[in-house]
Amino acid sequence: MNKHIFLVGILGMLTHTSLAQRAPKELSDTTSSNHTDSTTLLPDQSLKEVQVVTRMPGTRRVKGALNASLLTQSELFKAACCNLGESFTTNPSVDVSYNDAATGAKEIKLLGLSGKYVQMLTENMPNFRGAAIPYSLGYVPGTWLKSIQVSKGNASVKNGYEAMTGQINVQYLQPEDDQALHVNLYGNTMSRVEANVDGNVHLSKGLSTEVLGHYEDNLKEHDSNKDGFIDDPQTRQFNLQNRWFGKTGNYIFHGGLSLLDEKRESGQTNHSGVLSHQEEPLYRINVNTHRYEGYMKHAFILDADHGTNIAWMSSASMHLMDADYGRKAYSVNEKNVYSQLMFETNFTPEHNLALGASFNHDYLGQTYLSQPVKEKENVVGAYAQYTFNLHERFVAMAGLRVDHSSEYGTFFTPRFHVKWQVNDILGLRASVGKGYRTVHALAENNYLMASGRQLVIDKLDQEDAWNYGLSAALNIPIAHKTLRVNAEYYYTHFGHQAIIDYDSEPTKITITNLNGKSYSHTFQVDASYDLFRGMTVTAAYRYNDVKTTYGGELLRKPLTSKYKGLLTASYKTPLGLWQLDATLALNGGGRMPKPYTTADGTPSWKEEYPAFAQVNAQITRWFRKFSVYVGGENLTDYKQKNPIINASHPWSDTFDPTLVWGPMEGARAYIGIRYKL
């Protein structure tokens, strides 16, 4: 009979093996080995199989100078995680919120600022630009994710000049991973169903391919607050990706193609009982999207001992969208081409040099209210980055980019990061750097067309901002376990910025250049501790002080919470058969745009919105080849009472579904199954 020895806390021994696992049991965080040491065995004795089990943290810090964390599948599977936008439920740093109550557009917020200032990468290549921004969080199915890396502050200059508040890099499942076929089925009480499949085949020792498939649909309309508008857009999406890996000698290749087809319908289902307006047509929103992508990476290892290699990676995408927001018609044909050539070497184990050149092409052919709007930009650039690494105790990384834009001329991007591991308990990081961003105001903010207000867009400058950061990481031994504490402060201030002004005029939304100050102060502290075997608790608090000048007045940024508190608990039974996860999020209140006075003399809405709490919970049962998970979201059943302003008059200039600060859907339950063949 085999002897099973369960050990907890042998993290270093199991790092590489655990990373290769998909999820407990199937993803089980376990390794097994058979070892026989003849020098220590007595006659007629032999060792049986020994199984060593440990639980890897689902989120862990990344080595190096950057303040970065890695979210693995074990973290992502703690919640429903149907797509990228739902992957940050348990993350204290990243917020995901709706942009409006009609289209379902969502955005990430990092360091208190819009997701536009977070550079989105898929496997270290810039992606989801322009018209893709409002809905891109739904373009990456959760089951396709292998990991997500979140970097705060200005990131490396290797990936461009756009990261102002951070980077989010998505790592997909890889063709060269262990050969397997996975199927995932999901459904919730809001009539949303999903089917996902991914599988890879090793055609030969150095050649493998992979297919990723996704389908989702909302089968039924819901209007829980009886305002006559659908709470959750009817979204039908087909998503398919084919990826390849090849290796021969010192040459490595990655490449793939993907296509996405999405139909999004929303708007009025009835006239909400207002008889005097029943002669008006129903207000409807239709957004049809077709997206095509292709990429390739070539790497040549010149000297493995010194990490010397040269690589070339390129990507191309076409994003086609036709949308109707009531009587407003908008269409866009967006094309992007990106290419980068890189060289990297280690002179010694302590000294690293990276050099590169890049090219980016953006073209947007748009039609808005029957008027053509064309935007085009070519940017060529080069960078150099030097890293000094003294045994991970002291790491300094300095980088400089120079880029030339066909629209904005030549500009420089300096960035510096430093890490000092004072001792085994305390690690310190600091960073400073600049970022730039070209604004495609109509494409990036097309969800604003759902508002009855007039959308006014001025001639906009290129955005630029400085970001400064300080952070401390502590690993404090307590009762034979480790209390992990992180504290950080970031300050971002803009020189030029495109601001969305809700305040100046009640019947207009103006996107205009900053005329005054705009900044963000963010302070966050979080702590994680293993209370007992299998039980991990994380607590976090973040304070945001985000202000921008609107109409000559410095005001708190509207629809931005002043603070956030997060408490998560995760428990897995000793044999890894059951897992229970729960999250409590407390979202602080914030400022609403300045209200206007209605005909009866009352304000259109309150000047502040309140704090609110949400609870999510999930139970997972692991079997040999599959797992079943059941959960609930927003179990406090908290909803923004009237997310759509003047819903009974959708054709008026005071109709506005874009002032969303809280959840629009109440409590909902879901069930899913993950199966491995």
Side-chain angles (χ1 to χ4, degrees), residues 57-62 67-99 104-122 127-128 133-153 155 163 165-172 186 486 488 490 522 524 526 528 536 538-542 544 560-561 563-570 581-588 612-618 631 633-634 660-663 665 670:
T59 300
R60 55 184 177 273
R61 297 186 68 85
V62 177
N67 183 14
S69 58
L70 186 72
L71 284 67
T72 65
Q73 283 192 331
S74 61
E75 182 70 21
L76 299 176
F77 284 0
K78 291 179 180 179
C81 189
C82 295
N83 54 50
L84 181 61
E86 298 172 352
S87 300
F88 301 101
T89 303
T90 61
N91 188 280
S93 300
V94 181
D95 294 328
V96 178
S97 60
Y98 281 101
N99 277 325
K106 291 183 178 180
E107 75 167 351
I108 281 175
K109 288 185 179 179
L110 186 64
L111 304 187
L113 293 170
S114 167
K116 301 182 183 74
Y117 305 115
V118 181
Q119 187 179 30
M120 292 294 301
L121 307 173
T122 53
N127 204 350
F128 302 129
I133 289 178
Y135 309 107
S136 61
L137 296 180
Y139 294 164
V140 182
T143 58
W144 293 11
L145 295 170
K146 187 172 184 177
S147 65
I148 304 172
Q149 181 172 314
V150 179
S151 304
K152 295 183 182 180
T165 60
Q167 283 182 343
I168 293 179
N169 181 41
V170 172
Q171 188 76 12
Y172 290 107
Y186 167 91
N486 296 297
E488 55 195 32
Y490 281 90
T522 303
Q524 178 176 309
D526 57 85
S528 181
T536 301
T538 299
Y541 176 83
R542 184 179 70 248
N544 299 318
T560 300
S561 295
Y563 64 87
K564 181 176 181 177
L566 189 74
L567 179 64
T568 69
S570 179
D581 297 284
T583 302
L584 168 64
L586 177 62
N587 299 276
F612 62 93
Q614 289 181 282
V615 173
N616 299 333
Q618 178 177 286
E633 297 175 299
N634 192 17
V660 176
W661 49 263
E665 302 168 3
Y670 62 85

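All values reported here derive from a predicted model rather than from experimental measurement.
Nearest heavy-atom pair, Thr536 versus Ser528, reported as atom, atom and distance to 0.1 Å: CG2-OG, 3.6 Å. Ala585 approaches Leu566 most closely through the heavy-atom pair CB-CD1, 3.9 Å. For the residue pair Gly58 and Glu75, the shortest heavy atom distance occurs at O-CB, 3.3 Å. Nearest heavy-atom pair, Ala155 versus Ala163, reported as atom, atom and distance to 0.1 Å: N-CB, 4.2 Å. In terms of heavy-atom proximity, Ser74 sits nearest to Lys78 at O-CG, 3.5 Å. Contact between Phe612 and Gly662 at its shortest, heavy atoms only, is CZ-CA, 3.8 Å.
The salt bridge (Lys or Arg N to Asp or Glu O under 4.0 Å) check on Lys564 picks up Asp95, with sequence neighbours excluded. With sequence neighbours excluded, the residues satisfying salt bridge (Lys or Arg N to Asp or Glu O under 4.0 Å) with Glu665 are Arg668.
Considering only heavy atoms from C-beta on, Gln171 stays 4.5 Å or farther from Thr72 through its side chain. The closest side-chain heavy-atom distance from Leu76 to Ser87 is below 4.5 Å. Contact check for Leu71 versus Val150: side-chain heavy atoms found under the 4.5 Å cut-off. Looking only at side-chain heavy atoms (C-beta outward), Gln149 and Ser69 stay at 4.5 Å or farther from each other. Using a 4.5 Å heavy-atom cutoff, the side chains of Ser97 and Lys106 are not in contact. Between Met120 and Asn127, every side-chain heavy-atom pair lies at or beyond the 4.5 Å cut-off. When side chains are defined from C-beta on, Leu84 counts as touching Val170, because their heavy atoms get closer than 4.5 Å. Residues Val140 and Phe128 meet the side-chain proximity criterion, which asks for heavy atoms closer than 4.5 Å.
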> Hey, mind stepping through Ser147 and Gln73 against side-chain hydrogen bond (donor to acceptor under 3.5 Å, both in side chains) and telling me if it holds?
Replying inline: CA-CA 6 Å; Ser147 65; Gln73 283 192 331; over 6 Å; no
>> Set out, in order, the CA-CA distance, both residues' side-chain angles and the distance that settles side chain to side chain contact (heavy atoms under 4.5 Å, CB included) for Asn99 and Val660, then state yes or no.
In response: CA-CA 6 Å; Asn99 277 325; Val660 176; over 6 Å; no
> Hey, mind stepping through Tyr490 and Asn67 against side chain to side chain contact (heavy atoms under 4.5 Å, CB included) and telling me if it holds?
Replying inline: CA-CA 11 Å; Tyr490 281 90; Asn67 183 14; 2.9 Å; yes
>> Evaluate Ile168 against Phe88 for side chain to side chain contact (heavy atoms under 4.5 Å, CB included), listing each step before the verdict.
In response: CA-CA 11 Å; Ile168 293 179; Phe88 301 101; 4.1 Å; yes
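Among Leu567, Thr568, Thr583, Thr90, the one residue that satisfies the side-chain contact (heavy atoms from CB on, under 4.5 Å) test with Thr538 is Thr568. Among Asn544, Thr165, Val118, the single residue meeting the side-chain contact (heavy atoms from CB on, under 4.5 Å) criterion with Leu113 is Thr165.
The main-chain N or O of Pro92 is found under 3.5 Å from a side-chain atom of Arg542 such that the two form a donor-acceptor pair. Without hydrogens or angle criteria, Ser561 side chain to Asn587 main chain gives no donor-acceptor distance under 3.5 Å. Looking only at distances, no side-chain donor or acceptor of Glu107 sits under 3.5 Å from a matching main-chain atom of Tyr98.
Between the CG atom in Leu110 and the CD atom in Gln167 there is a gap of 11.0 Å [rounded to 0.5 Å]. In this structure, Asp526 CG and Ser93 OG are separated by 6.5 Å, a value rounded to the nearest 0.5 Å. Atoms CG and OG, on Leu70 and Ser151 in that order, are 9.5 Å from each other to the nearest 0.5 Å. In this structure, Thr122 OG1 and Tyr172 OH are separated by 5.5 Å, a value rounded to the nearest 0.5 Å.
Side-chain atoms of Glu488 and Asn486 include no donor-acceptor pair closer than 3.5 Å. Between the side chains of Lys109 and Ser114, not a single donor N or O lies within less than 3.5 Å of an accepting N or O. For the residue pair Asn616 and Thr89, no side-chain donor N or O sits within less than 3.5 Å of a side-chain acceptor on the partner. Between Gln618 and Tyr670, the side chains place a donor N or O and an acceptor N or O closer than 3.5 Å (distance only, hydrogens not considered).
A parallel orientation is assigned to the rings of Tyr563 and Tyr541, their planes being inclined by less than 30° (bins at 30° and 60°).
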